[in-house]
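Numbering of residues begins at 1 and proceeds along the displayed sequence. Since the model is a prediction, treat every value here as computed from it, not as a measurement.
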Amino acid sequence: PPPTQGGSFSDLQEALRLVRPHILWFAGHGDARQPDGRETLGFSSESGEAELFNPAAVSYVIQPHLTISGGSLECVVLNACCSGGALGTLGDLLVRCGVPSVVSWGSRAHNDASALFARGFAAAAVGGEGYTEAYEAGRACIVAQLEPSRRLAGVRMQRFELIDPLDRRVVQPADVAAGRAP
């Protein structure tokens with residue numbers, strides 16, 4: 001099916017069953033908080049309400065579609081904040097259940113940086129590159145991105161840099177609006 005904005009968890013299950021994809025791409029929120037405080041992907045019901053499912057439930061639904069289970073799914077791209085890198089995240093669980101290639105953010109990600117990464121990754125994957133090369137192409141789009149409004153007398157500066165996600169320099173607009181950061 002075509003990309004969906006606001007897809008539900010049942011939409012995901014139906015699409016996996018009907019399409020048998022090689023790549024599953026999730027773009028959205030990966031840091032939605034469940035009642036127990038754990039972060040997870042955010043889905044949307046038909047009425048537009050948030051649907052939050054434990055990462056283990058999401059990986060359980062994906063597992064039968066993996067190549068090791070006779071399916072065709074070989075890469076999952078979680079272009080969503082905090083979707084990987086730590087024990088118990090969906091990215092971690094997908095690696096543990098046998099997804100050959102998982103791409104995820106270990107930190108929060110600015111929407112523009114996510115879009116740049118997506119452009120580079122997708123162009124390389126569609127062009128026939130392997131998933132490692134596609135990841136590097138996405139990363140290169142972020143590193144090479146230049147913001148015209150930050151040009152100074154012939155000097156162009158990067159808007160984004162790849163740093164340790166726990167570094168204090170990582171600030172999101174929501175942090176500023178909520179008074180958690182300058």
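For the side-chain hydrogen bond (donor to acceptor under 3.5 Å, both in side chains) condition, the pairs that include at least one residue of residues 64-74, sequence neighbours left out, are Glu74-Tyr131. Every pair passing side-chain hydrogen bond (donor to acceptor under 3.5 Å, both in side chains) that includes a residue from residues 13-28 is listed here, sequence neighbours excluded: Glu14-Arg17.
Rounding to the nearest 0.5 Å places CD of Glu136 at 11.5 Å from CD of Glu129. Note that the OG atom of Ser8 and the CD atom of Glu49 stand 12.5 Å from one another [nearest 0.5 Å]. Note that CD of Glu39 is 11.5 Å distant from CG of Leu52, once rounded to the nearest 0.5 Å.
Other cluster members for Val95: Phe9, Leu12, Leu16, Leu24, Phe26, Leu41, Phe43, Phe53, Val58, Val61, Ile62, Leu66, Ile68, Leu73, Val76, Leu78, Leu90, Leu94, Val99, Val102, joined by side-chain heavy-atom distances under 4.5 Å among Ile, Leu, Val, Met, Phe, Trp and Tyr. The hydrophobic cluster analysis finds Leu87 isolated: no Ile, Leu, Val, Met, Phe, Trp or Tyr side chain comes under 4.5 Å of it, directly or through other members.
Between Cys75 and Phe121 there is a side-chain heavy-atom pair separated by less than 4.5 Å. For the pair His29/Ser83, no side-chain contact is recorded, criterion being any heavy-atom separation below 4.5 Å from C-beta on.
Looking only at atom types and distance, the side chain of Thr89 has no donor-acceptor partner in the side chain of Asp92 under 3.5 Å away.
Shortest non-hydrogen contact noted between Asn54 and Ala56 is OD1-N, 2.7 Å. Of all non-hydrogen atoms in Gly85 and Ser104, the two that sit nearest each other are N-OG, 4.3 Å. When all heavy atoms of Gly28 and Ala80 are compared, the closest pair comes out as O-CB, 3.2 Å. Closest of all the heavy-atom pairs between Phe117 and Tyr135 is CE1-O, 3.7 Å. Ala125 approaches Ala134 most closely through the heavy-atom pair N-CB, 4.0 Å.
With sequence neighbours excluded, no residue forms a salt bridge (charged side-chain N to carboxylate O under 4.0 Å, His left out) with Asp31. Taking Glu51 as the reference, nothing meets the salt bridge (charged side-chain N to carboxylate O under 4.0 Å, His left out) condition, with sequence neighbours excluded.
Under the 3.5 Å distance criterion, the side-chain polar atoms of Gln63 are left unmatched by any main-chain donor or acceptor of Tyr60.
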